[in-house]
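What follows is a single structure, written as structure tokens, with notes after it.
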Amino acid sequence: IFHFTKLLQVAGQAEDYHSAEKFMLELHRRGLKLNSHTFSSLISMYSRAGMVDKVVETHTKMKETGVKPDVVAMNACITAYGRALMICKMEQVFAEMHGHGIDPNQITMNAMVGGYAKAGMTSEMARCYRAMVKGKLRPDTMTSNAIISGKGKVGKTFEMDIMFRKMQDRTVDINLITLSIMIDGYGKAKKISEMGRPYNEMQEKGLGGDLVTLSSMIAGYGRNGMIGEMEKMFMKMT
RNA sequence: CCGGAAGCUCGUCGC
């Protein structure tokens, strides 16, 4: 089972779902029992592939087979339900952790914040953030990035700025993704001059900017009808 | 703290 779990992981990260399926069949044929590593790998893989029904099916199976869930498997479920915007299910899994005697860790909270961010549930994000600080789980770059993303999604650019400053104050690393999220948020709010700021900061830090960054810039200029600026960004993609 | 490492966490658009 250890071997097959590894194979599934590799197939999953390579997005080779055909092979993954074959490994699953073979694994069943041999009557191997899935363990928590297998389940977390499967759930994560199905989630990335957008196969929500398979996520639910696998999660259900994990509960039925009586495999002892661990924090990683629970985290994988939380992430998967968050991505699928099944917020009630996500919260349910989170609540079940206590019953299993599993303590949420930093990744658990980041996954929760990520789900709320995708759903635009900003007050719930803030609640998680406060719970982290209180529970001595330090919010990190990913936590902050998710929060800024959620604020941007609902057009609260001023609150994006607050979180950004908080990162600076707490010396949380500001990375390429942080700045890309800021660009996207300003762009969606049509705050074009503000949008240039994180982009410039990127250049100053030598981070360059990747395809996602440039796509966000192009979309921002596009919303304002700034065709010339769009084309300039497009050229940088080469 | 450093190094090794891969089951889970963050960004645009599309499917």
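Numbers restart at 1 for each chain; the letters A, B, ... are given by sequence-line order, proteins then strands.
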Identify, with sequence neighbours excluded, every residue that meets side-chain hydrogen bond (donor to acceptor under 3.5 Å, both in side chains) alongside A:Asp184. A:Lys188

I'd like to know if A:Lys236 and A:Glu231 make a salt bridge, using a cut-off of under 4.0 Å between side-chain N and carboxylate O. no

Whole-Å distance separating the CG atom of A:Leu27 from the C1' atom of B:G7: 15 Å

Nearest whole angstrom, please: distance from the P of B:C10 to the CE of A:Met167. 15 Å

Rounded to whole Å, the NE2-C1' distance (A:His37 to B:G7) equals 6 Å

Does any N or O in the side chain of A:Gln106 come within less than 3.5 Å of the main-chain N or O of A:Pro139, such that one atom is a donor and the other an acceptor? no

Going by atom types only, do A:Thr141 and A:Asp173 share a side-chain donor-acceptor pair under 3.5 Å? no

Spacing between A:Ile43 atom CD1 and B:G7 atom P, to the nearest angstrom: 15 Å

Presence of salt bridge, A:Glu194 and A:Arg197, under 4.0 angstrom: no

Step-by-step salt bridge (Lys or Arg N to Asp or Glu O under 4.0 Å) determination, A:Arg30 to A:Glu26: CA-CA 6 Å; A:Arg30 298 192 187 193; A:Glu26 179 62 14; 2.8 Å; yes

Would you mind reading off the distance between A:Phe23 atom CZ and B:G7 atom P, rounded to a whole angstrom? 17 Å

Would the base of B:G7 count as contacting A:Ser36 through its side chain, where contact means a donor and an acceptor less than 3.5 Å apart? yes

B:C10 C1' sits how many Å from A:Ile174 CD1, rounded? 14 Å

Just distance, no hydrogens or angles: give the donor-acceptor pairs under 3.5 Å from side chains in residues 222-229 of chain A, sequence neighbours left out.
| unit_1 | atom_1 | unit_2 | atom_2 | d |
| --- | --- | --- | --- | --- |
| A:Arg223 | NE | A:Gly187 | O | 3.0 |
| A:Glu229 | OE2 | A:Lys232 | NZ | 3.3 |

Calculate the interatomic distance between A:Met125 atom CE and B:U9 atom C1'; express it in whole Å. 15 Å

Check the phosphate of B:A6 against A:Lys6, side-chain N and O only, distance under 4.0 Å to OP1 or OP2. Yes or no? no

In whole angstrom, give the distance that lies between atom CE of A:Met74 and atom P of B:U9. 16 Å

List the atom pairs, with distances to 0.1 Å, where a side-chain N or O of residues 73-94 of chain A and a protein N or O form a donor-acceptor pair under 3.5 Å, not counting sequence neighbours.
| unit_1 | atom_1 | unit_2 | atom_2 | d |
| --- | --- | --- | --- | --- |
| A:Asn75 | OD1 | A:Thr108 | OG1 | 2.6 |
| A:Asn75 | ND2 | A:Val71 | O | 3.3 |
| A:Asn75 | ND2 | A:Asn105 | OD1 | 3.4 |
| A:Thr79 | OG1 | A:Asn75 | O | 2.9 |
| A:Tyr81 | OH | A:His59 | ND1 | 2.7 |
| A:Arg83 | NH1 | A:Ser47 | OG | 2.5 |
| A:Glu91 | OE2 | A:Tyr116 | OH | 2.6 |

Which atoms of nucleotides 11-14 of chain B (N or O only) lie under 3.5 Å from a protein N or O atom, and what are those distances?
| unit_1 | atom_1 | unit_2 | atom_2 | d |
| --- | --- | --- | --- | --- |
| B:G11 | N1 | A:Asp210 | OD2 | 3.1 |
| B:G11 | N2 | A:Ser180 | OG | 2.6 |
| B:G11 | N2 | A:Asp210 | OD1 | 3.0 |
| B:G11 | N2 | A:Thr213 | OG1 | 3.3 |
| B:U12 | O4' | A:Ser216 | OG | 3.1 |
| B:U12 | O2 | A:Ser215 | OG | 3.4 |
| B:C13 | OP1 | A:Lys188 | NZ | 3.4 |

Under the salt bridge (charged side-chain N to carboxylate O under 4.0 Å, His left out) rule, collect the residues that match up with A:Glu15, sequence neighbours excluded. none

Listed in order of residue number, which residues of residues 87-107 of chain A have a non-hydrogen atom at under 4.0 Å from RNA chain B? A:Ile107

